[in-house]
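Below is one structure; the comments refer to it alone.
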Amino acid sequence: INAFACKRGGTALLRAYQADPYLTDLEARERQKARIANAFFALNRLPGHPLIAGAKSFFATEGEDRYVLVTEDVSGQAMRLHIDKPALALTLDQKLRVAREIVEALAFCHGHDVVHRDVSPSTILLGSDGHIRLAGFDYARAGTDRSVTIAAEIVEKIDSNYAAPDTRNEPANASPSSDVFGAGLVLYELFTGQRPFGSPTELFDQGGVFPVKPSEHRAEIAPPLNAWLQRLCTFEPDQRPSAAAALEALDEALAVMDGLAAQDPRNVHWRLYRARIMSDIGTARYQAGEYDRAVEVLERSAADLGELAAGPAADRDVRLALMRALLDLGRSRRLLGDEEKARDAYAGAVGIGRRLNLAGSQDSALGASYEAALYNLGVLCETLGRTEEAAGAFLDLLARVRAENARQPAPHTRRRLLDLSVKIARLSADPRPHYEAALELAEALEAESELGAFDATPAQLRERLAQLP
């Protein structure tokens with residue numbers, strides 16, 4: 001069991017590998033097992049990281065004719081689909097975010113002595129949350145011990161279109177530097193829709209120099225990004241930056257591009273990228289308990305995103321990013337004791353949801369952010385004595401949960417309806433209909449043995465109804 005990954009919640013993905021039943025030689029069987037288990041052993045070296053699809057377990061079936069690798073189940077799609085399918089194409093700011101996260105994930109792996117060896121659009125997943133997950137560690141190399149290696153067995157399996165020149169037909173030569181080269185090839189294709197070299201032979205003939213600069217494919221790509229991508233694909237491995245250095249260089253390039261964007265207010269891609277990165281940094285500071293610093297960063301992010309959301313560039317992703325920034329801003333402000341400003345942040349996020357008419361929307365990401373904003377606003381306004389505003393937030397949330405229960409009835413959804421009905425009754429000038437609705441829900445849940453330990457019981461609700469005039 002992976003001591004790092006097994007503590008996480010969520011669903012898991014099971015991948016079964018067929019073992020060769022005709023292998024009788026013990027050494028050959030051990031080599032086969034080592035090759036199949038390679039992904040688990042590589043991932044087992046890594047502490048949990050949000051940008052890496054971690055492994056949970058690896059085991060043989062009872063008959064030892066199959067081996068099963070258990071990994072985190074990532075909700076998303078391979079980067080290959082976003083490159084190949086126009087309908088799934090990413091915007092420039094999304095591509096910039098992906099670029100940063102790919103390099104960050106590789107820097108983390110290299111920092112723990114894991115070389116991926118097969119970085120390609122098929123081994124990078126883009127989750128439904130907008131963040132990447134580095135996957136496909138089947139051929140990775142873990143540690144510095146070279147006494148046990150699968151290099152000779154994977155020559156034909158690694159995608160040669162994304163292999164560094166120093167590893168061509170020689171996976172044993174793989175290094176952190178070759179992973180960086182592969183990332184450069186992937187990112188060139190992501191930004192332009194074209195591979196930089198028509199074949200591995202052309203790569204050698206060109207000495208790794210792009211025959212066509214990325215900006216010649218796409219005018220929106222600024223010169224600093226051309227230079228950064230070319231550095232990743234430097235032909236000589238000892239001349240390439242490490243992944244950590246590449247991450248710093250990307251930030252420097254983006255700072256230059258940010259200055260260029262400031263000269264042209266129509267160029268929203270850089271502004272959106274910057275605002276999203278600032279939002280991510282603010283959220284990380286909030287999660288680390290650095291609430292003062294979180295507020296400082298999230299205020300800037302929310303201001304930039306608010307400007308973009310009010311302009312022609314506004315789309316679902318901009319509004320979602322703004323809602324999330326406002327949510328974390330509200331949480332940070334409340335933990336600092338600034339409840340009035342926390343209320344303003346929550347109200348801003350709720351206002352976006354109401355303008356988008358999310359009451360019955362099935363957009364899970366927007367819906368979840370809207371629900372969180374409504375709940376936080378309701379609880380805080382109740383504390384502040386803003387009874388009418390609190391009731392309004394809970395009523396809007398009740399409408400969403402009712403719609404969810406109508407689509408897919410479930411006990412946990414009915415428990416949410418029960419909790420909200422009691423909250424609204426407590427705030428309402430006419431609480432009877434809300435307590436009666438809560439009683440009906442509580443009785444049904446009790447009959448199904450689904451009433452939670454902290455849920456209002458039918459007896460408690462009958463007592464409250466009896467006390468009403």
Side-chain angles (χ1 to χ4, degrees), residues 42 46 49-53 78-83 90 92 94-127 131-141 158-168 171 173-197 200 203 206 208-210 213-214 217 221 224-254 273 277:
L46 297 173
H49 192 283
L51 302 179
I52 294 172
M79 192 62 61
R80 168 55 60 205
L81 291 175
H82 292 278
I83 293 173
L90 303 180
L92 182 59
Q94 290 173 318
K95 293 174 183 177
L96 288 165
R97 183 175 185 169
V98 164
R100 196 178 195 287
E101 291 185 345
I102 290 172
V103 180
E104 181 183 342
L106 287 175
F108 182 80
C109 290
H110 299 162
H112 290 84
D113 293 324
V114 173
V115 177
H116 190 282
R117 285 205 287 208
D118 193 26
V119 178
S120 76
S122 300
T123 58
I124 299 165
L125 309 177
L126 183 61
H131 295 283
I132 69 109
R133 305 294 188 283
L134 186 60
F137 283 81
D138 297 59
Y139 312 130
R141 190 182 69 213
I158 291 176
D159 192 335
S160 62
N161 289 305
Y162 303 95
D166 32 301
T167 63
R168 188 181 184 189
N173 292 340
S175 65
S177 179
S178 59
D179 277 352
V180 169
F181 192 99
L185 296 178
V186 170
L187 292 173
Y188 183 107
E189 187 174 357
L190 174 66
F191 279 109
T192 68
Q194 307 289 329
R195 288 180 183 163
F197 306 103
L203 188 159
Q206 288 286 137
V209 176
F210 301 146
K213 291 180 180 179
H217 286 295
I221 297 173
L225 195 57
N226 282 339
W228 181 75
L229 288 168
Q230 184 63 78
R231 280 194 66 199
L232 301 190
C233 294
T234 301
F235 194 82
E236 295 299 332
D238 60 351
Q239 298 299 311
R240 289 175 212 141
S242 66
L247 193 58
E248 290 182 12
L250 177 59
D251 287 340
E252 291 171 5
L254 291 172
Y273 172 81
I277 290 297

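These numbers were taken from a predicted model, which means no experiment stands behind them. The basis for the numbers below is simple: all heavy atoms, side chains too, and nothing from hydrogens, waters or symmetry mates. By convention here, the first residue in the shown sequence is residue 1.
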- I132 vs L125 side-chain heavy atoms within contact, under 4.5 Å: no

- Task: For the residue pair L185 and R195, establish whether any side-chain heavy-atom pair is separated by less than 4.5 Å.
- Result: no

[X]: side-chain hydrogen bond (donor to acceptor under 3.5 Å, both in side chains) partners, not counting sequence neighbours:
| X | answer |
| --- | --- |
| D251 | R100 |
| H110 | D179 |
| R97 | H131, D280 |

Using only atom types and a distance under 3.5 Å, with no angle test, would you say the side chain of [X] pairs donor to acceptor with the backbone of [Y]?
| X | Y | result |
| --- | --- | --- |
| N173 | D166 | yes |
| H116 | A135 | yes |
| S177 | R240 | no |
| E189 | I83 | no |
| Q230 | G208 | yes |
| E236 | Q239 | no |

- Where does the angle between the aromatic ring planes of Y188 and H217 fall among parallel (under 30°), tilted (30 to 60°) and perpendicular (over 60°)? perpendicular

